[in-house]
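What follows is a short report on a single structure.
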Protein chains: 2
Amino acid sequence: MKITIHDVARRAGVSTATVSLVLHNKRKISEETRKRVLKAIQELNYHPSQVARGLVLKQTGNIGFVLTEDHFLRTEPFYTRIFLGTEFEARDSNYFVLLATIPNDFFDDTPLPRFVMQQNVDGIIIAGKVPLKFLDKLRSYNFPLVFVDYYPPRGTYSAVLIDNIRGGMIATDHLIELGHQKIAFIGGDLQHPSISERYLGYKLALEKHGLTYDADLVVTGEQSTSKENGYRAVCALLDKKTEFTALFACNDAMAMGAMECLKKRGIKIPEQVSIVGFDDIEQDAFLDPPLTTIAVPKPDLGIEAMKLMQDILNKNIRTNKKVLVPVELVVRKSTTRLRD
Amino acid sequence: MKITIHDVARRAGVSTATVSLVLHNKRKISEETRKRVLKAIQELNYHPSQVARGLVLKQTGNIGFVLTEDHFLRTEPFYTRIFLGTEFEARDSNYFVLLATIPNDFFDDTPLPRFVMQQNVDGIIIAGKVPLKFLDKLRSYNFPLVFVDYYPPRGTYSAVLIDNIRGGMIATDHLIELGHQKIAFIGGDLQHPSISERYLGYKLALEKHGLTYDADLVVTGEQSTSKENGYRAVCALLDKKTEFTALFACNDAMAMGAMECLKKRGIKIPEQVSIVGFDDIEQDAFLDPPLTTIAVPKPDLGIEAMKLMQDILNKNIRTNKKVLVPVELVVRKSTTRLRD
DNA sequence: TTGAAAGCGCTAACAC
DNA sequence: GTGTTAGCGCTTTCAA
């Protein structure tokens, strides 16, 4: 049988109210009884029932974490790491995280995660891009929401985002400082905020260093930022006979594709072309050459999201705060000083 | 304000008990009132509070899912898929799944997942190999346990396992049926049940077809079943000048390493050596040539685990049942008929 | 500073 | 068939 607050009260010779009071150190409790109660708790190894607590407090102690199926199953454990950060932070703060995946195609009759229908969470963290239809359906429940690595096109929300602009900037800075002037950029769909921000960082860096932006050096518009599209983008650049000595790819997947294309055409990396990616995925260090990239601290994204959620829950206000998680340049072997 | 059972009762003009009764269609309720209640539930969009329910029923409605950090973060989403299966099955059965990762190194003072300390789950599913120390600490809580893809060395448990013996057998059968006689096996640590079972399947298939087992064709003992070790194992085979026309690798990672080594030495796959792997990981289809392998239905493992857990929870007995999830041969391009 | 008691939303005897 | 009621474990006024 599970130990209850009554057991503790009896053993400490006090009322259940007192136990509850010391548990949450509310009001003034004499040091003496406080000690007695604490001792009883220790001895009985008592852990308050979250369920009973939730019933009276009208909170569940759970936080929902929503991810599309695609994102959860990605080979690269990007969102998995974010989730881990959230789970980690939740431990300290006495929350449980309920993970739910939703389909990538969300229709009017697609059911919402059970924890929203049953109102079994106090707030919801949404990681990565999700269907707008999902958000529409979710809205009426009025849950506190925190977005991670995604910001919906309309509306104002609390969110934890990657500092993409700065990332794009320091990636480009790095290349410029190595003496490069003809720096290509390959990206995907510019509608996607992360990509357009990285692109913006690229342009800002050029500007800062007094280099002129050259549209010929830029390939964007690919639907997805996949390895294949990175391959294609660089081939296109090469086919147009565009000259460049360095390349900033909007993510590591595209950078990998770029490397393949360059290798196939006999172009040496980094001797002839230096490459910087973005994300710092697992494989980077094992590529040939190991890829210089912008590291994104994935667990931090999850931790910050959970912290933000707690802020909202505790202060009981919708802050609509945006947190930008800092990124970092990781120099490996795919970039080198320009020689002439 | 959330809708409660009282609101429904009032609207339907019945008592809360009646509402509860129709909710769980216990006892006989007149068709007429049943309809009225159902209608009220509909109109109010009522969802019973799991929390309140849990309090009286003394269940939490949660299932814990434990994974080591390494397994959760593996690039290949093996356990992630298993988790997804569990989550999926849980939806129907009105359970929530609480995921917790534990460190790979578990010491006496490493804290248990919070849901065990707070007894906030009805049972725990443990996926993959976990530290024995963890199991030791867990034991005293007396939770219903279901293991997935792992079976502790001591004790009797409920578990969902891959049918490794059969997998090893059909992999080898396939090669034999293609005319191969000299079939090599590369595996890792034979202490690991999955590996020794696949190895056993290999031997059983040979026996079944009247082929004699040749120890020279077998390389085992590598610590981990990594790509690198697959590479090394095949190199060792080649260096010993062992002749073989086919190879069964105990998993796809090793098979990939094997392919690399063979290619490097100028040996053609499948013309000179046919290869079968095990697991059917994501990349298999994109290898050159695409890898023939034994497919493991990962989500099924998770689904079966959840079903088994429900069995245990509903019938309130510890079945200690073992469920073997069937595997399947997937023929791609890495195997071909032996020519002479 | 501490205790008595009400009540959170639900279920299950038991009574009618 | 349906309603009354006690009670699950906890928090929180209110009173002492």
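Chain letters run A, B, ... following the sequence lines, proteins first, then strands; residues in each count from 1.
You'll find that the side chain of B:Ser30 is closest to D:dG1, out of D:dG1, C:dG3, D:dT5. Here D:dC8 is the nucleotide among C:dT2, D:dT2, D:dC8 with the atom lying nearest to any side-chain atom of B:Val56. Checked against C:dC10, D:dT12, D:dT2, the side chain of B:Thr33 finds its nearest nucleotide in D:dT2. Comparing C:dG3, D:dT2, D:dC10 by their closest approach to the side chain of A:Ser15 singles out C:dG3. Of the listed nucleotides (D:dG3, C:dT2, D:dG9), D:dG9 has the atom at the smallest distance from the side chain of A:Thr4. Picking from D:dC8, C:dT2, C:dC10 the nucleotide with the shortest atom distance to the side chain of B:Ala52 gives C:dC10. In the set D:dG3, C:dC10, D:dG9, D:dG9 carries the atom at the smallest distance from any side-chain atom of B:Leu55.
Whole-Å rounding puts the A:Gln59 CD to C:dC8 C1' distance at 12 Å. Nucleotide C:dG9 holds its P atom 17 Å from the CZ atom of A:Arg53, rounded to whole Å. If you measure from atom CG of B:Asn120 to atom C1' of D:dC10, you get 14 Å, rounded to the nearest angstrom. Rounded to a whole Å, the CG atom of A:Leu23 is 11 Å from the P atom of D:dT12. When the P atom of D:dT12 is taken as reference, atom NZ of A:Lys58 falls 13 Å away, rounded to whole Å. Taking atom CD1 of residue B:Ile41 and atom P of nucleotide C:dC10, one finds them 10 Å apart after rounding to whole Å. D:dT2 atom P lies 14 Å from atom CG of B:Asn25, rounded to whole Å. Nucleotide C:dC10 holds its P atom 14 Å from the CG atom of B:Asn94, rounded to whole Å.
For the pair A:Ala17 and B:Glu31, nearest-nucleotide mapping onto DNA chain D gives the more 5' position to B:Glu31. Ranked by how close their nearest DNA chain D nucleotide is to the 5' end, B:Leu57 and A:His24 are led by B:Leu57. A residue-by-residue look at A:Thr16 and A:Arg34 shows that A:Arg34 has its nearest nucleotide of DNA chain C further toward the 5' end.
By the 4.0 Å N-to-carboxylate-O rule, A:Asp311 lies close enough to A:Lys321 to be salt-bridged with it. A salt bridge is absent between B:Asp136 and B:Lys133: the closest approach of a Lys/Arg side-chain nitrogen to an acidic carboxylate oxygen does not fall below 4.0 angstrom.
Distances shorter than 4.0 Å separate none of the side-chain N or O atoms of B:Lys2 from OP1 or OP2 on C:dG9.
Here B:Val51 lies out of heavy-atom contact (under 4.0 Å) with every strand. Across all strands shown, A:Ser20 has heavy atoms under 4.0 Å from base atoms, whether or not it also approaches the sugar-phosphate. Looking at heavy-atom distances under 4.0 Å, A:Val19 makes no contact with the nucleic acid at all.
Between B:Val66 and B:Phe134 the shortest side-chain heavy-atom distance falls below 4.5 Å. Side-chain contact between A:Pro113 and A:Ile102 is present, with at least one heavy-atom pair separated by less than 4.5 Å.
Across B:Tyr79, B:Phe96, B:Phe83, a single residue satisfies ring pair (Phe, Tyr, Trp, His ring centres under 6.0 Å) together with B:Phe65, and that is B:Phe83.
Taking the six-membered ring for Trp and thresholds of 30 and 60 degrees, A:Phe147 and A:Tyr151 have ring planes inclined between 30 and 60 degrees apart.
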